[in-house]
Number of protein chains: 2
Amino acid sequence: MDTQFRKGVLEPCVLALLRRRPRYGYELVQEIRKSLDITEGTVYPLLRRLKDEGYVETFLKESSEGPTRKYYTLTPRGKERLASLLGAWDVFSRSVDALLKEARR
Amino acid sequence: MDTQFRKGVLEPCVLALLRRRPRYGYELVQEIRKSLDITEGTVYPLLRRLKDEGYVETFLKESSEGPTRKYYTLTPRGKERLASLLGAWDVFSRSVDALLKEARR
DNA sequence: CCAACTACTTTGCTATGCATGGTAGTATTT
DNA sequence: AAATACTACCATGCATAGCAAAGTAGTTGG
């Protein structure tokens, strides 16, 4: 229902989750799904884009519980990108909150 | 730059501004522009859509300072829509904040 | 061996915001 | 009176990102 709200926030969310440690695609999907209602068909293409743009790098690692996993890590560029997106989200969400406050009184 | 963030939030913003009193399109553009960097080419089509969907109604009123203005008012349906979108935005923005918190530590 | 789960990928659709350009009335300046 | 700026509205076509749907394939447990 709030599909449109999601536009653009997935990128900072994914980058944020990669900040602490490498994660594989499927793991990212599960993790984000705890908060936002998204699907694999959204995340995998996004990861591809992030790689094409040099924000993340990948390596393969076999799993003891299933198929080989493709792990994603942040590049320096990716860290900058994350910082910039975090700032942008803050400014943006505060602005929206301020505008909507108008209606709550 | 945060074009994508904007997707979907303009609708609650416009409805919120209409809650207190009728406003005309150009006025809405100026008002929202104080907070968000948007253009007329975004707002007017949105207003058309809101009218088509029965969330707002319009009336014309001459201005002493320029061309005739088209004022927009909330319908009962529009008020319900606003309430629903306000709730959705709250849930959504809190979820995103929680996810992003991961990266700030 | 079959079901369930893990894990990744692709294709085509849709919605929304935006750039751009257009029309026209009013006010201000020269 | 002409030129300029501002108010006010509208329409067209594009770009982007999320999503549904479907597919491939390895692993594990009964």
Side-chain angles (χ1 to χ4, degrees), chain A residues 1-15 22-33 35-53 55-56 58-72 81 85 88-89 92 95-96, chain B residues 1-15 22-33 35-53 55-56 58-72 81 85 88-89 92 95-96:
Chain A
M1 194 236 113
D2 33 46
T3 294
Q4 293 303 323
F5 287 163
R6 266 168 238 139
K7 303 267 171 171
V9 306
L10 242 47
E11 185 178 339
C13 287
V14 164
L15 295 175
R23 296 181 193 253
Y24 53 98
Y26 194 76
E27 182 189 8
L28 287 168
V29 173
Q30 306 305 320
E31 198 61 34
I32 295 172
R33 227 182 226 147
S35 305
L36 302 175
D37 190 28
I38 48 113
T39 71
E40 293 154 285
T42 304
V43 175
Y44 285 113
L46 169 61
L47 288 169
R48 155 89 49 180
R49 204 165 68 239
L50 292 174
K51 192 179 179 188
D52 289 346
E53 288 164 352
Y55 299 133
V56 300
T58 60
F59 63 89
L60 294 175
K61 194 178 174 188
E62 280 173 40
S63 162
S64 57
E65 308 148 44
T68 300
R69 296 164 171 170
K70 187 186 278 185
Y71 282 82
Y72 294 81
R81 174 73 171 169
L85 289 174
W89 167 256
F92 174 78
S95 299
V96 173
Chain B
M1 193 239 113
D2 33 46
T3 294
Q4 294 303 325
F5 287 163
R6 265 169 237 138
K7 303 268 171 174
V9 306
L10 242 48
E11 184 177 340
C13 287
V14 165
L15 295 174
R23 295 182 194 253
Y24 55 98
Y26 193 77
E27 182 189 9
L28 287 168
V29 173
Q30 306 305 319
E31 198 62 35
I32 295 171
R33 226 180 229 152
S35 306
L36 302 176
D37 190 28
I38 48 114
T39 70
E40 292 155 285
T42 305
V43 175
Y44 285 113
L46 169 61
L47 288 169
R48 155 88 49 180
R49 202 166 68 237
L50 292 174
K51 192 179 179 187
D52 289 346
E53 288 165 352
Y55 298 134
V56 300
T58 60
F59 63 89
L60 294 174
K61 195 177 172 188
E62 281 173 39
S63 161
S64 57
E65 309 148 42
T68 299
R69 296 165 171 169
K70 187 186 276 185
Y71 282 83
Y72 294 80
R81 174 73 171 169
L85 287 175
W89 166 257
F92 174 78
S95 299
V96 173

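Proteins get letters first, then strands, A, B, ... in listed order; numbering begins at 1 in each.
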Q: To the nearest 0.5 Å, tell me how far B/Gln30 CD sits from B/Ile38 CD1.
A: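 Answer for the CD-CD1 pair, B/Gln30 versus B/Ile38, is 8.5 Å.
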
Q: Could you give the side-chain donor-acceptor pairs of residues 41-48 of chain A under 3.5 Å, partners two or more places apart or in another chain?
A:
unit_1  : atom_1 : unit_2  : atom_2 : d
A/Tyr44 : OH     : A/Tyr26 : N      : 3.2

Q: Would you kindly give the CD-to-C1' distance between A/Glu27 and C/dC8, to the nearest whole Å?
A: 14 Å

Q: So which nucleotide from D/dC10, C/dC8, D/dT7 ends up closest to the side chain of B/Tyr44?
A: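 For B/Tyr44, the side-chain atoms sit closest to D/dC10.
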
Q: Using a 4.0 Å heavy-atom cut-off, does B/Leu46 contact any base of the nucleic acid, only the sugar-phosphate backbone, or nothing at all?
A: nothing

Q: Quick one, A/Pro22 and A/Phe59 - any side-chain contact, counting heavy atoms below 4.5 Å?
A: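 Answer yes - side chains close enough.
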
Q: Could you tell me if the side chain of A/Phe92 sits less than 4.5 Å from the side chain of B/Val9, heavy atoms only?
A: yes

Q: What are the atom names and distances for every N/O pair under 3.5 Å that joins the protein to nucleotides 24-30 of chain D?
A:
unit_1 : atom_1 : unit_2  : atom_2 : d
D/dT28 : OP1    : A/Ser64 : O      : 2.5

Q: Nearest 0.5 Å please: distance from the CD atom of B/Glu27 over to the CD1 atom of B/Ile32.
A: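 Output value for this atom pair is 10.5 Å.
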
Q: Nearest whole Å is fine: how far is D/dT16 C1' from A/Glu53 CD?
A: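 Atom-to-atom, A/Glu53 to D/dT16, this comes out as 12 Å.
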
Q: Polar atom pairs between nucleotides 21-23 of chain C and protein, under 3.5 Å, N or O only, would you list them?
A:
none

Q: What is the distance, to the nearest angstrom, from the CG atom on A/Asp2 to the C1' atom on C/dT16?
A: 15 Å

Q: What is the distance, rounded to the nearest whole Å, between atom CD of B/Gln4 and atom P of C/dT16?
A: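 After rounding, the gap between these two atoms is 13 Å.
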
Q: Any chance you could measure B/Arg6, atom CZ, to B/Cys13, atom SG, to the nearest 0.5 Å?
A: 11.0 Å

Q: Given C/dG17, D/dA11, C/dT10, identify the nucleotide with an atom nearest to the side chain of B/Thr42.
A: C/dG17

Q: Please determine, for the side chain of B/Tyr72, which listed nucleotide (D/dG18, C/dC8, D/dC10) has the closest atom?
A: D/dC10

Q: Nearest-Å distance, CD (B/Glu11) to C1' (C/dT16)?
A: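 In whole Å, C/dT16 C1' and B/Glu11 CD are 10 Å from each other.
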
Q: Just how far, in rounded Å, is P of C/dT9 from OH of A/Tyr26?
A: 14 Å

Q: Can you see if the side chain of B/Arg48 gets near the phosphate of D/dA11 - specifically, an N or O under 4.0 Å from OP1 or OP2?
A: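 Yes, within the criterion.
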
Q: Salt bridge between A/Glu11 and A/Arg81, side-chain N to carboxylate O under 4.0 Å?
A: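 Looking at A/Glu11 and A/Arg81, the cut-off is met.
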
Q: Set out, in order, the CA-CA distance, both residues' side-chain angles and the distance that settles side chain to side chain contact (heavy atoms under 4.5 Å, CB included) for A/Tyr71 and A/Leu60, then state yes or no.
A: CA-CA 6 Å; A/Tyr71 282 82; A/Leu60 294 175; over 6 Å; no

Q: Side chains of A/Tyr72 and A/Tyr24: does their closest heavy-atom pair fall under 4.5 Å?
A: no

Q: Are OP1 or OP2 of C/dG17 and a side-chain N or O of B/Arg6 less than 4.0 angstrom apart?
A: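 Answer is no, no contact under 4.0 Å.
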
Q: Considering only side-chain heavy atoms of A/Arg49, which listed nucleotide, C/dG17, C/dT6, D/dG18, is closest?
A: D/dG18

Q: Just how far, in rounded Å, is P of C/dG25 from NZ of B/Lys70?
A: 16 Å

Q: Take the protein atom CZ of A/Arg33 and the nucleotide atom C1' of D/dG18, then report the distance between them rounded to whole Å.
A: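 Rounded to the whole Å, the gap is 13 Å.
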
Q: If you take all heavy atoms of A/Glu40 and A/Arg33, which pair is closest and at what distance?
A: N-NH2, 4.2 Å

Q: Toward the 5' end of DNA chain D, which comes first, B/Tyr24 or A/Lys7, by nearest nucleotide?
A: B/Tyr24

